[in-house]
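Numbers here simply count residues along the sequence, with the first being 1. Side chains are part of it too, since the values below use all heavy atoms of this structure and drop only hydrogens, waters and symmetry mates.
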Amino acid sequence: MLDVADDGADDDLDGLPLLDLDPGPLAGCVGAVGCLGDDALDARGPVNQVADSAALTDAGQPIRFTPHDFRRLFSTDIVGAGLPLHIAATLLGHLSLETTRGYTAVFPDQVLTAHQHFIERRRTKRPAGELRPATDTEWTEFENHFLLRKVALGDCHRPYGTPCVHEHACTRCPFLVVDPAQLGRVEDMTVNAQARLVEARERNWLGEVSALEQSLEHLHRRQREMTSKLQQSV
């Protein structure tokens, strides 16, 4: 109940309402868990009544809320609003960020929005000169990079502005995305490499033997990749 201080003992408190914390039904309660069993004191009762009134169901069963559900909703809301995950973890009392990630539901639109905000923040920090329009020479160079990605066995997916580190030995390059239509070409290359390997062994060209053995390993791997793609397309 509310009482009013009127004894004049403290001018700053005179006339202000004071809370009379009468324990009432909470008297003798040894822990929060034991006290929350009564719907009169537990928010679950009214909330579940509202859920029943709204006919909220999950897989055909009435939805039942628990205090832990609201803890998860709270964590999802604060992280979705932009609070860093490590701060949310501190608020929730988690020792591990992985625990907080398990509490937090991240939706596709939130991921896109967060990414857009990240890009906008990065743009504000970039030097103004980097935002100038590309010159004709720069644009031509950019287009040519992608035109030169087409090779005999497929497409080269190396990053823009980087050189070919394998000196155009495409069968060895992890950036090569093979074209299944070129399977016959790879088979011809394999037959040729095998014939050269036989000659190298006969002539004791040990350096050539080692190089050809590695080439054959990569050719066999490319054959498997192309065969797999052909089977998937059927």
If hydrophobic clusters are built by linking Ile, Leu, Val, Met, Phe, Trp and Tyr wherever their side-chain heavy atoms come under 4.5 Å apart, do [X] and [Y] end up in the same one?
{"X": "Met226", "Y": "Val177", "value": "no"}
{"X": "Leu92", "Y": "Leu83", "value": "yes"}
{"X": "Trp139", "Y": "Phe146", "value": "yes"}

Roughly how far apart are [X] [atom1] and [Y] [atom2], rounded to 0.5 Å?
{"X": "Arg196", "Y": "Ser215", "atom1": "CZ", "atom2": "OG", "answer": "7.5 Å"}
{"X": "Thr66", "Y": "Arg71", "atom1": "OG1", "atom2": "CZ", "answer": "11.5 Å"}
{"X": "Glu143", "Y": "Leu147", "atom1": "CD", "atom2": "CG", "answer": "7.0 Å"}
{"X": "Glu213", "Y": "Leu216", "atom1": "CD", "atom2": "CG", "answer": "8.0 Å"}
{"X": "Leu219", "Y": "Gln214", "atom1": "CG", "atom2": "CD", "answer": "12.0 Å"}
{"X": "Gln223", "Y": "Ser228", "atom1": "CD", "atom2": "OG", "answer": "13.5 Å"}

Not counting sequence neighbours, which residues clear side-chain hydrogen bond (donor to acceptor under 3.5 Å, both in side chains) with [X]? List them please.
{"X": "Glu217", "value": "none"}
{"X": "Gln194", "value": "none"}
{"X": "Arg64", "value": "Asp52"}
{"X": "Asp77", "value": "none"}

| Leu176 versus Val151, closest heavy-atom pair with distance |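 Nearest heavy atoms, Leu176 then Val151: CD1-CG2, 3.8 Å.
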
| Which atom names give the shortest non-hydrogen contact between Ala134 and Glu138, and what distance separates them? |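 Residues Ala134 and Glu138, closest heavy atoms: CA-OE1, 3.5 Å.
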
Any donor and acceptor pair, going by atom type alone, linking the side chain of [X] with main-chain N or O of [Y] inside 3.5 Å?
{"X": "Ser210", "Y": "Gly207", "result": "no"}
{"X": "Arg222", "Y": "Thr171", "result": "yes"}
{"X": "Thr162", "Y": "Pro159", "result": "yes"}

Distance-only criterion, 3.5 Å: show the donor-acceptor pairs between side-chain atoms of residues 181-193 and protein atoms not counting sequence neighbours.
from   : atom 1 : to     : atom 2 : distance (Å)
Gln182 : OE1    : Arg185 : NE     : 3.1
Thr190 : OG1    : Val186 : O      : 2.8

Hey, can you pull the donor-acceptor pairs under 3.5 Å for the side chains in residues 53-60, sequence neighbours left out?
from  : atom 1 : to    : atom 2 : distance (Å)
Ser53 : OG     : Gln49 : O      : 3.0

Is [X] salt-bridged to [Y], going by a charged N under 4.0 Å from an acidic O?
{"X": "Arg123", "Y": "Glu120", "result": "no"}
{"X": "Glu225", "Y": "Lys229", "result": "no"}
{"X": "Glu98", "Y": "Arg101", "result": "yes"}

| query | In the hydrophobic clustering (ILVMFWY, side-chain contacts below 4.5 Å, transitive), which residues join Leu148, or is it alone? | reply |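 Hydrophobic cluster check, Leu148: no partners found.
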
| said: Suppose clustering is done on Ile, Leu, Val, Met, Phe, Trp and Tyr with side-chain heavy atoms closer than 4.5 Å. Which residues sit in the same group as Ile119? | reply: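 Besides Ile119, the cluster holds Phe118.
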
| Do any pairs count as a ring-ring contact (aromatic ring centres under 6.0 Å, His included) and have a residue in residues 45-79, sequence neighbours left out, and if so which ones? |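 Passing the test, one end in residues 45-79: Phe65-Phe70, His68-Tyr103.
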
| said: Enumerate the ring-ring contact (aromatic ring centres under 6.0 Å, His included) contacts for residues 175-218, please, sequence neighbours excluded, ordered by first and then second residue. | reply: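 Qualifying pairs, neighbours excluded: none.
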
| said: So, using side-chain contact (heavy atoms from CB on, under 4.5 Å) as the criterion, who are the partners of Ala89 when residues are at least two apart? | reply: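 In terms of side-chain contact (heavy atoms from CB on, under 4.5 Å), with neighbours along the sequence ignored, Ala89 is linked to His94, Leu97, Thr100.
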
| request: Return the set of residues passing ring-ring contact (aromatic ring centres under 6.0 Å, His included) with His145 (not counting sequence neighbours), or none when no residue passes. | output: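 Applying ring-ring contact (aromatic ring centres under 6.0 Å, His included) to His145 gives Tyr160.
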
| query | side chain to side chain contact (heavy atoms under 4.5 Å, CB included) between Leu153 and Asp179: does it pass, once the steps are laid out? | reply | CA-CA 6 Å; Leu153 300 181; Asp179 180 3; over 6 Å; no

